[in-house]
Amino acid sequence: MKKLSSNVFKLIFTISITLIAILFTEEAISKQGPPVYVDIYGTRKLSPEDIKNRFGGDMVALANLYLNKDGLPSQSDRKRMDPLQKKIKSGINSMGEFSYLNISLMKFPTNKAAYITIDVVDKEDTQRRLNHFLAKPGSTISDPDSLIALEKEYQEIGNAKYFREKTPLVKLTSCPAFNCTLGFDAPELKKYAGIFNTLVPKNKDRLIKMLREDKDAEKRANATLLLAHIKDGDELIKILMTSMQDADTKVRSSAMQVLTGTLYTLKKYDFPIEKVIDALDRPDLEERNKALTLLYVLSMQSGNAQYIKVHAKEQLIVQLKMEQPYVHDQAYLILQQISGIKFGDRDYEAWENWLNTTKTS
């Protein structure tokens, strides 16, 4: 298997919306407190003032609980976070007619800030943004050779290490699959490479059946990640293209993550790029991140630059304006890739002017 570049691994880790980015600075929390960034995506009905005035204190309290530990929040922290999230969600739902609302929190091992993303789908956008996915399957498929349990174990151990050491774990010397979410270089994770490379090809058909038919979205998402260990990359691409339209956001995100590694490894750039650009407006932050990483790989083919510039320009600017590095950084990388220019990552006017020129550089 070819080695993926460190940049790609960092990534793998109608635009009529209103984008809101709020920074509650240290002074807004306390002189010792970390900064808290809040983005709102997908609605025309809320203003920055609405959010700041009504939920500022609750969001700061939520972020402080989330940032309380060096690693991921403990179970007791999460119990204290739940009522705050419910209060914020209930308040936002009372401010407009929405068909979808989600609040996600994120932090990075080397960054003391908290990032809160509020994803919203306005009721009038339901068909366009929510109702075009596949129907939820209804079967239960047994776990072959305990692979799903092993994948969950691998993720739990890797994520704990990632936050405990406060440095990105994904600095891989190699990847023995088409996608390596947390890698296998760490001593704690090394054994899983051999297990997955042996057992996944053996159980390929069962994992595909699980991906298509199991009602448990977590099992489907983990099956997607495991299938990165089959031998035929072209077959893997065909399998996962369908899963980009799965009923669940976790499965769609996992499919795009594995497709990113597969397309990069095979150096295949003839993937249906319009499907990826459509996914830039998905209802969840995680999906938009994965769509951007996939688009970044496709942007490596110079022949795709003009298409991306014309058809993704509104979304690239929207994502560039997000405070959340998970999408802001990827949008910036794509813009640099298709332009050959290095405007600043917050020089929105320069990027908008370039995107509105007729041709790429």
Side-chain angles (χ1 to χ4, degrees), residues 14-17 41-43 89 93 96-104 117-144 147-149 151-152 155 178-179 181 200 203-228 230 232 234-263 271-295 315:
T14 24
I15 309 306
S16 55
I17 64 171
Y41 181 90
T43 179
K89 280 187 176 182
N93 274 319
E97 294 188 351
F98 307 119
S99 52
Y100 180 83
L101 172 63
N102 187 56
I103 299 174
S104 59
T117 301
I118 301 171
D119 284 320
V120 180
V121 176
D122 290 338
K123 185 163 272 189
E124 57 268 32
D125 293 334
T126 303
Q127 182 61 40
R128 178 174 65 83
R129 298 190 64 214
L130 284 179
N131 287 355
H132 60 290
F133 300 119
L134 297 171
K136 179 181 176 181
S139 300
T140 298
I141 310 300
S142 60
D143 183 1
L147 275 167
I148 299 299
E151 172 66 23
K152 290 172 67 175
Q155 291 179 36
F178 289 106
N179 172 77
T181 308
V200 169
N203 292 288
K204 178 184 73 174
D205 291 342
R206 193 72 177 175
L207 288 169
I208 293 171
K209 185 176 178 66
M210 181 180 290
L211 180 61
R212 300 282 184 256
E213 300 178 16
D214 201 289
K215 63 185 178 183
D216 186 331
E218 185 177 8
K219 286 171 68 177
R220 298 201 307 276
N222 284 323
T224 303
L225 297 174
L226 286 165
L227 283 165
I230 69 172
D232 188 335
D234 289 316
E235 180 185 13
L236 182 59
I237 291 169
K238 291 177 182 177
I239 292 168
L240 297 184
M241 279 181 65
T242 300
S243 295
M244 283 182 66
Q245 295 299 122
D246 189 272
D248 188 85
T249 181
K250 294 187 293 293
V251 183
R252 300 192 295 265
S253 297
S254 296
M256 286 189 280
Q257 175 179 323
V258 177
L259 282 166
T260 298
T262 308
L263 291 173
F271 191 82
I273 196 169
E274 69 280 359
K275 294 183 181 294
V276 183
I277 290 174
D278 176 70
L280 295 178
D281 192 33
R282 289 288 172 84
D284 276 285
L285 167 69
E286 185 73 21
E287 284 190 78
R288 297 193 297 277
N289 164 264
K290 297 303 183 289
L292 284 162
T293 63
L294 186 49
L295 189 63
Q315 265 292 347

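Since we're looking at a predicted model, the values are computed, not measured. Heavy-atom basis, side chains included; hydrogens, waters and symmetry copies ignored.
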Derivation of the side chain to side chain donor-acceptor pair (under 3.5 Å) call for Gln257 and Thr181
CA-CA 9 Å; Gln257 175 179 323; Thr181 308; 2.8 Å; yes
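- Counting only heavy atoms from C-beta outward, the side chains of Asn179 and Leu225 approach each other to under 4.5 Å.
- At distances below 3.5 Å, not a single donor-acceptor pair connects side-chain atoms of Asp278 with backbone N or O atoms of Glu274.
- Annotation: side chain of Pro144 is in contact with side chain of Met210 (closest heavy-atom distance under 4.5 Å).
- Between Lys219 atom NZ and Leu207 atom CG the span is 10.5 Å, to the nearest 0.5 Å.
- For the pair Arg252 and Phe133, the cation-pi criterion (under 6.0 Å, within 45° of the ring axis) is fulfilled.
- The salt bridge (charged side-chain N to carboxylate O under 4.0 Å, His left out) search around Asp122 returns Arg44, not counting sequence neighbours.
- For the side chain to side chain donor-acceptor pair (under 3.5 Å) test with Asn102, the passing option among Asp284, Thr117, Asp119, Thr249 is Asp284; the others fail.
- Side-chain contact check for Ile148 versus Leu226: some heavy-atom pair is nearer than 4.5 Å.
- Taken from OG1 in Thr224 to CD in Glu151, the straight-line distance is 10.0 Å, to the nearest 0.5 Å.
- Thr242 places none of its side-chain heavy atoms less than 4.5 Å from the side chain of Leu211.
- The structure places NZ of Lys250 at 10.5 Å from CD of Glu286, a figure rounded to the nearest 0.5 Å.
- Note that CD1 of Ile273 and CG of Leu294 are 9.0 Å apart. Values are rounded to the nearest 0.5 Å.
- Counting only heavy atoms from C-beta outward, the side chains of Leu285 and Tyr41 never approach each other to under 4.5 Å.
- With sequence neighbours excluded, no residue forms a salt bridge (charged side-chain N to carboxylate O under 4.0 Å, His left out) with Asp205.
- To the nearest 0.5 Å, the span separating CG on Asp248 from OG on Ser243 amounts to 11.0 Å.
- Side-chain atoms of Ile118 and Thr43, non-hydrogen and from C-beta on, never get closer than 4.5 Å to each other.
- Side-chain contact between Thr293 and Met256 is absent, with no heavy atoms from C-beta onward closer than 4.5 Å.
- Rounding to the nearest 0.5 angstrom, the gap separating the NZ atom in Lys136 from the CG atom in Asp214 is 10.0 Å.
- The shortest distance between side-chain heavy atoms of Met244 and Leu259 falls below 4.5 Å.
- With hydrogens and angles ignored, the 3.5 Å screen pairs no side-chain donor or acceptor of Ser254 with any backbone N or O of Val251.
- For Asp143, the salt bridge (charged side-chain N to carboxylate O under 4.0 Å, His left out) criterion is met by no residue, not counting sequence neighbours.
- No donor-acceptor distance shorter than 3.5 angstrom exists from the side chain of Arg282 to the backbone of Arg288, with no hydrogens or angles considered.
- For the residue pair Arg212 and Ser139, no side-chain donor N or O sits within less than 3.5 Å of a side-chain acceptor on the partner.
- Counting all heavy atoms, side chain and backbone alike, Met241 lies closest to Pro272 at CE-CG, 3.5 Å.
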